[in-house]
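Below is one structure, written out as structure tokens, with a few remarks after it.
Just so you know, residue 1 is the first one in the sequence shown, and it goes up from there.
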Amino acid sequence: ACSEPFMEQARHMIFENFCRVHNCVSTKILAPKLNLSEDEAERWIVNLILNARLDAKFDSQQGHVVIGAPPINVFQQITDKISNITFNTSKAMVRLETAMSIKPDRL
């Protein structure tokens, strides 16, 4: 009962990872990884592109999915970098405070 939703989510993750790595993916390569036949994979990918409004096109002649470049969101990139810097700084502060509290005990 739970296996179908799990498989669907797994297919989404596999497809998303392939799209991140490759600009063009063949259904011959992708179908076995999605645990589908080539025809089923083709239908599944076309439905995914239409329903999710992905920036991708399906070339039925060659059996390829051509993925468009994702738009670069500069604001999100800056926010992520600041978040990482804040997190790393707080980790460094905790390590420094721990080191400072241990040092006087050793003397």
(request) For residues 82-97, pull every pair meeting salt bridge (charged side-chain N to carboxylate O under 4.0 Å, His left out), keeping only residues two or more places apart or in separate chains. (result) none

(request) Determine yes or no for a side-chain-to-main-chain donor-acceptor pair under 3.5 angstrom, with T27 supplying the side chain and E42 the backbone. (result) no

(message) Could you tell me if the side chain of V65 sits less than 4.5 Å from the side chain of I49, heavy atoms only?
(response) yes

(request) List in chain and number order the residues that pass side-chain contact (heavy atoms from CB on, under 4.5 Å) with I85, two or more places apart in sequence or in another chain; answer none if no residue qualifies. (result) T89

(message) Nearest 0.5 angstrom please: F58 CZ to R43 CZ, how far?
(response) 11.0 Å

(message) Please report the interatomic distance OG1(T98) to CE(M93), rounded to the nearest 0.5 Å.
(response) 10.5 Å

(request) Not counting sequence neighbours, which residues clear side-chain hydrogen bond (donor to acceptor under 3.5 Å, both in side chains) with N17? List them please. (result) none

(request) Verify the cluster assignment for I14 and W44: are they in a single hydrophobic cluster under the rule of side-chain heavy atoms below 4.5 Å apart? (result) yes

(message) Check whether S83 reaches the backbone of T79 with its side chain - one donor and one acceptor, N or O, closer than 3.5 Å.
(response) no

(request) Check salt bridge (Lys or Arg N to Asp or Glu O under 4.0 Å) between E38 and all other residues, then give those that pass, not counting sequence neighbours. (result) none

(request) Kindly write out the residues that satisfy side-chain contact (heavy atoms from CB on, under 4.5 Å) with L50, not counting sequence neighbours, or none if the list is empty. (result) V46

(request) For residues F18 and I67, determine if any side-chain heavy atom of one lies less than 4.5 Å from a side-chain heavy atom of the other. (result) no

Solution key, residues 28-37 side-chain donor-acceptor pairs under 3.5 Å, sequence neighbours excluded:
unit_1 : atom_1 : unit_2 : atom_2 : d
S37    : OG     : E40    : N      : 3.2
S37    : OG     : E40    : OE1    : 3.3

